[in-house]
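Following: one structure in structure tokens, then a few remarks.
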Amino acid sequence: MIDAVDREILSILQENARTSNVEVARRIGLAPSAVLERIRKLEKRGVIRGYEPRLNASALGSPLLAFIFVHADEKIGGLEIGRKIAKFPEVQEVHQVAGEDCYLVKVRIADTDALGRLLRDSFGALPAIRTTRTTIVLSSVKESAQMPLPPDGAAARASETRRPKRAAARSRRRAP
């Protein structure tokens with residue numbers, strides 16, 4: 001369960017993951033050791049999965065952003081092709097999707113020539129891929145990895161709704 005203090009910590013870390021524990025502690029009014037303990041618990045529970053810098057793709061020679069819809073001959077629910085696509089260095093994200101296509105792939109690449117080579121030489125080398133449809137991004141209004149944090153008590157309410165009905169009925173009967 002995530003409480004208000006955890007939400008504050010997560011909010012600060014989403015703004016800047018390099019914020020020191022001392023600074024986080026100062027901003028939320030806790031001891032640095034308490035902040036460190038909470039962060040370690042959030043990491044252990046898998047709420048915090050890692051820390052990554054946000055790099056400038058243009059400065060690194062990959063200014064072109066494209067999304068590729070991939071249709072493959074693969075068993076329903078199979079992920080083999082997606083795992084192979086994920087190994088291409090230009091690929092940032094691979095999502096298995098519902099609908100006509102099997103995957104939605106996000107790539108960062110130098111230019112349209114490089115995109116053509118990626119589609120032809122890398123995607124084309126996977127015989128199970130039947131078709132691709134590519135959308136090139138002209139400009140991005142918003143791009144973020146930040147997650148909206150649940151409001152106070154939302155996690156507790158969600159876990160209550162997942163309780164089996166019999167258990168909920170038993171707990172009501174026991175209440176005075």
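Since the model is a prediction, treat every value here as computed from it, not as a measurement.
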[X] vs [Y] side-chain heavy atoms within contact, under 4.5 Å:
X      : Y      : answer
Val107 : Gln92  : no
Ile12  : Asn16  : no
Leu115 : Ile68  : yes
His71  : Thr132 : no

Pairing residues for [X] by the side-chain hydrogen bond (donor to acceptor under 3.5 Å, both in side chains) criterion, not counting sequence neighbours:
X      : answer
Glu74  : Tyr103
Arg130 : Asp73
Asp111 : none
Glu23  : Arg26

Quiz item: Which residues pass the salt bridge (Lys or Arg N to Asp or Glu O under 4.0 Å) test with Arg133, sequence neighbours left out?
Solution: Asp101
Practice problem: Return the set of residues passing salt bridge (Lys or Arg N to Asp or Glu O under 4.0 Å) with Arg108 (not counting sequence neighbours), or none when no residue passes. | Solution: Glu143
Quiz item: Passes side chain to side chain contact (heavy atoms under 4.5 Å, CB included), Arg45 versus Ile2? Steps please.
Solution: CA-CA 11 Å; Arg45 289 176 29 215; Ile2 296 174; 3.9 Å; yes
Quiz item: What's the shortest heavy-atom distance between Leu149 and Ser11, and which atoms?
Solution: CD1-N, 3.7 Å
Practice problem: Of all the heavy-atom pairs spanning Thr19 and Leu13, show the shortest one and how long it is. | Solution: O-CD2, 4.2 Å
Applying the 4.5 Å side-chain criterion to the ILVMFWY set and letting contacts propagate, would [X] and [Y] be lumped into a single cluster?
X      : Y      : answer
Leu104 : Ile136 : no
Val70  : Val97  : no
Val47  : Ile9   : yes
Val5   : Leu36  : no

Rounded at 0.5 Å granularity, tell me how far [atom1] in [X] sits from [atom2] in [Y].
X      : Y      : atom1 : atom2 : answer
Leu42  : Asp6   : CG    : CG    : 4.5 Å
Glu37  : Arg40  : CD    : CZ    : 9.0 Å
Ile85  : His95  : CD1   : NE2   : 12.0 Å
Arg83  : Ile81  : CZ    : CD1   : 11.0 Å
Leu10  : Met147 : CG    : CE    : 10.5 Å
Leu119 : Glu90  : CG    : CD    : 10.0 Å

Quiz item: Among all residues two or more places apart in sequence or in another chain, which pass the ring-ring contact (aromatic ring centres under 6.0 Å, His included) test with Phe123?
Solution: Phe88
Side chain to side chain contact (heavy atoms under 4.5 Å, CB included) against [X], all qualifying residues, sequence neighbours excluded:
X      : answer
Val137 : Leu65, Phe67, Ser140
Ser139 : none
Pro89  : none
Leu138 : none

Quiz item: Charged N to carboxylate O under 4.0 angstrom, Glu15 versus Arg27?
Solution: yes
Practice problem: Could you name each residue pair satisfying side-chain hydrogen bond (donor to acceptor under 3.5 Å, both in side chains) that touches residues 49-69, not counting sequence neighbours? | Solution: Glu43-Tyr51
Exercise. Would you sort out whether Lys106 and Val91 count as a side chain to side chain contact (heavy atoms under 4.5 Å, CB included), showing the intermediate values?
Key: CA-CA 6 Å; Lys106 178 182 176 182; Val91 171; over 6 Å; no
Exercise. Give the C-alpha distance, both sets of side-chain angles, the deciding distance and a yes or no for side chain to side chain contact (heavy atoms under 4.5 Å, CB included) between Leu64 and Thr112.
Key: CA-CA 8 Å; Leu64 184 69; Thr112 55; 4.3 Å; yes
